[in-house]
There are 2 protein chains.
Amino acid sequence: MPKSLPSMPFQGANENQAEATTAPQDVSRESAATFEVLNKMREDILCCVLKPDQKLRFGELRQRYGTSVGTLREALSHLVSEGLARTEAGRGFQVAPVSLADFLDLSELRVYLETKTLADAIRHGTDAWEAEIVSSYFLLSKLAPPKADDPPQVKQEWAKRHKRYHDALVATCRSPWSLHFRSELFDQARRYHWLTMIHSRMHRRNEHLEIRDAVLARDVDRACSLLEEHIRTTVEQAVSDVPGLIHGNTRPLKLARRRKA
Amino acid sequence: MPKSLPSMPFQGANENQAEATTAPQDVSRESAATFEVLNKMREDILCCVLKPDQKLRFGELRQRYGTSVGTLREALSHLVSEGLARTEAGRGFQVAPVSLADFLDLSELRVYLETKTLADAIRHGTDAWEAEIVSSYFLLSKLAPPKADDPPQVKQEWAKRHKRYHDALVATCRSPWSLHFRSELFDQARRYHWLTMIHSRMHRRNEHLEIRDAVLARDVDRACSLLEEHIRTTVEQAVSDVPGLIHGNTRPLKLARRRKA
DNA sequence: TGTAAACGGATATTCGAAAGTTTCGAAACT
DNA sequence: AGTTTCGAAACTTTCGAATATCCGTTTACA
């Protein structure tokens with residue numbers, strides 16, 4: 001029998017909404033328990049509940065997610081493959097580090113993959129594709145971008161809708177591999193957005209709306225340009241916030257977990 | 001017996017410096033047993049010892065690799081993330097399928113990533129980089145490309161040197177993410193090369209030599225053109241030489257869909 | 001005779017404990 | 001006092017058994 005549930009707030013509710021996402025080919029479906037733990041842990045890493053470079057001890061994790069070591073190990077293994085965690089032989093797991101160089105690098109590749117997949121998606125767009133874009137944008141627009149002091153649930157809900165919207169844009173792209181890597185990089189970027197959005201007060205236009213309209217108008221060039229700008233603006237915003245991030249309370253960027261002097 | 005053996009050399013200075021700027025993700029190092037099983041299994045899938053769509057039963061695998069269920073499960077989990085295996089809840093694991101569409105798709109993305117990383121690698125090439133290219137090419141040239149009836153060990157050795165050579169070419173690329181995805185796609189392509197090379201008798205120039213010389217001459221355009229041609233020729237060869245790939249759009253080539261008598 | 005439910009064998013999934021390393025702290029020595 | 005060595009505690013890793021699930025076959029029923 002499982003041990004008594006940890007005193008964490010009950011998290012079963014928002015999980016139900018994750019119905020069959022239209023995700024094309026990704027990691028199809030894992031077994032029930034492992035898959036659930038994997039998703040929760042990924043969300044926690046992406047939202048920096050589990051902070052960069054944090055050591056992931058099995059004892060704590062086992063208590064937090066209410067599962068066994070073996071299951072945890074399998075989920076962790078997945079996260080390592082996705083680049084969200086690291087492991088060294090005999091020294092357990094830890095959350096993947098973050099760095100400005102890493103963010104710049106992945107953003108550069110993101111620009112290529114996002115525009116490539118978007119262009120192809122527009123060329124092969126269908127009615128259902130347009131409908132999902134309209135729908136997901138509507139849901140996104142109902143929520144204001146999260147602020148620093150918003151509760152985690154609000155942040156996660158916004159992040160979920162944000163991802164759903166961006167996924168919808170490229171859903172009809174014909175290249176499964178491009179979509180796969182795009183999705184992976186999008187998640188990676190989410191981690192950085194989290195760290196920067198909290199501190200940023202930079203004003204931004206309603207870029208999601210502009211992109212939506214350009215896409216629905218089947219204007220490939222304009223849509224791609226807007227999307228590229230969307231990404232690059234976020235990067236610049238992050239770069240300008242780096243000093244604040246370094247000294248911020250989340251101790252995100254530089255790490256060098258020092259041992260005794 | 002007391003253990004007086006000094007276990008590991010001390011990490012020293014390298015660890016303390018902030019090295020977070022590099023090395024985002026590559027499955028760096030796994031634990032001993034799991035890592036070993038993972039590598040063996042990946043090699044078996046890449047070389048089609050484990051055939052596409054083959055069901056991976058734990059009983060057989062446990063006997064074949066001499067390890068426990070848990071360890072197997074963790075390795076399988078890795079392979080799923082790498083796209084070399086698939087899993088459905090409750091139905092275990094199976095080798096990822098192959099199809100012409102998949103091969104064309106991943107090859108298209110490969111052209112971009114290979115040329116991008118190669119161009120960057122040439123621009124940031126060092127003496128050590130050149131030396132490794134010369135060395136790895138030499139090792140590759142010592143082995144003739146494997147034929148259909150060569151023993152598996154010969155094939156695997158050639159594949160290893162082939163990968164080492166191509167890795168050497170792009171080693172100094174500054175984009176870890178590009179390198180990461182390039183490596184993943186390279187492995188994926190290896191699977192198809194295996195299936196096609198066996199049947200092919202198409203004559204090919206010594207493309208590896210041409211690429212090597214162009215790279216060492218720091219001729220970015222020529223090197224990238226040659227590399228692109230290298231990839232595209234392989235695709236055409238696959239398309240023309242393997243009837244199974246042409247007709248089986250989403251269908252695997254040949255597989256042992258074993259049924260009870 | 002065709003359809004559907006139920007049984008039994010086989011397989012996948014999950015779990016906790018044993019075995020093996022690493023890390024931290026304290027005692028001993030220079 | 002500073003450095004090294006040794007030992008205990010904590011942690012990770014591995015394993016095989018117990019549990020849950022699925023697939024093929026048989027059986028009941030219309």
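Remember, predicted model here, so these are calculated numbers, not experimental data. Chain A is the first sequence line, chain B the second, and so forth, proteins listed ahead of strands; every chain is numbered from 1.
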Asks: Test of understanding: with ring pair (Phe, Tyr, Trp, His ring centres under 6.0 Å), list the residues that count as partners of B/F181, not counting sequence neighbours.
Replies: A/F181, B/W177
Asks: At less than 4.0 Å, is any side-chain N or O atom of A/T71 found next to OP1 or OP2 of C/dT13? Yes or no.
Replies: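 No, outside the criterion.
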Asks: Check the distance between C/dA12's C1' and B/E74's CD and give it to me in whole angstrom.
Replies: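 My rounded result for the distance is 17 Å.
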Asks: In whole Å, what is the span from the CG atom of A/L72 to the P atom of D/dT14?
Replies: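 My rounded result for the distance is 16 Å.
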Asks: How many whole angstroms separate atom CD of B/Q94 from atom C1' of C/dA12?
Replies: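 To the nearest whole Å, that distance equals 14 Å.
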Asks: For B/D150, what residues pass the salt bridge (Lys or Arg N to Asp or Glu O under 4.0 Å) criterion, not counting sequence neighbours?
Replies: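 For B/D150, no residue satisfies salt bridge (Lys or Arg N to Asp or Glu O under 4.0 Å) once neighbours in sequence are set aside.
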Asks: Please enumerate all residues that pass salt bridge (Lys or Arg N to Asp or Glu O under 4.0 Å) together with B/R174, with sequence neighbours excluded.
Replies: none
Asks: Measure CG/A/L61 against P/C/dC15 and give the value in whole Å, please.
Replies: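 So the CG-P distance, A/L61 to C/dC15, works out to 14 Å.
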Asks: Rounding to a whole Å, what distance do you find between A/F35:CZ and C/dT13:P?
Replies: 14 Å
Asks: For B/K160, check side chain to side chain contact (heavy atoms under 4.5 Å, CB included) against everything at least two apart and list the hits.
Replies: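 B/E157.
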Asks: Using whole Å, what does the distance between atom C1' of nucleotide C/dT13 and atom CD of A/E36 come to?
Replies: 15 Å
Asks: Should B/T34 be listed as having a side-chain N or O under 4.0 Å from OP1 or OP2 of D/dT14?
Replies: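 The answer is yes; a side-chain N or O of B/T34 sits under 4.0 Å from OP1 or OP2.
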Asks: Report yes if at least one side-chain N or O of A/R62 is closer than 4.0 Å to OP1 or OP2 of C/dG16; otherwise report no.
Replies: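 A/R62 to C/dG16 OP1/OP2: side-chain N or O found under 4.0 Å.
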Asks: For nucleotides 10-12 of chain D, tabulate all protein N/O to nucleotide N/O atom pairs closer than 3.5 Å, reporting atom names and distance.
Replies:
from, atom 1, to, atom 2, distance (Å)
D/dT12, OP1, A/K55, NZ, 3.3
D/dT12, OP2, A/F58, N, 3.1

Asks: Tell me, please, whether B/F186 has B/R190 positioned over its six-membered ring: NZ or CZ under 6.0 Å from the ring centre and within 45 degrees of its axis?
Replies: no
Asks: Take the protein atom CG of A/L38 and the nucleotide atom P of C/dT14, then report the distance between them rounded to whole Å.
Replies: 12 Å
Asks: Among residues at least two apart in sequence or on other chains, which ones pass salt bridge (Lys or Arg N to Asp or Glu O under 4.0 Å) with B/R110?
Replies: B/E114
Asks: Rounded to the nearest 0.5 Å, what's the gap from CD on B/E74 to CG on B/L79? Could you check?
Replies: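 Rounded to the nearest 0.5 Å, the CD-CG separation comes to 11.5 Å.
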Asks: Among the candidates D/dG16, C/dC15, D/dT13, find the nucleotide nearest to the side-chain atoms of A/T67.
Replies: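 Selected nucleotide: C/dC15.
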Asks: May I have the distance from B/L76 (atom CG) to C/dT14 (atom C1'), rounded to whole angstrom?
Replies: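 Taking atom C1' of C/dT14 as the reference, CG of B/L76 is at 16 Å.
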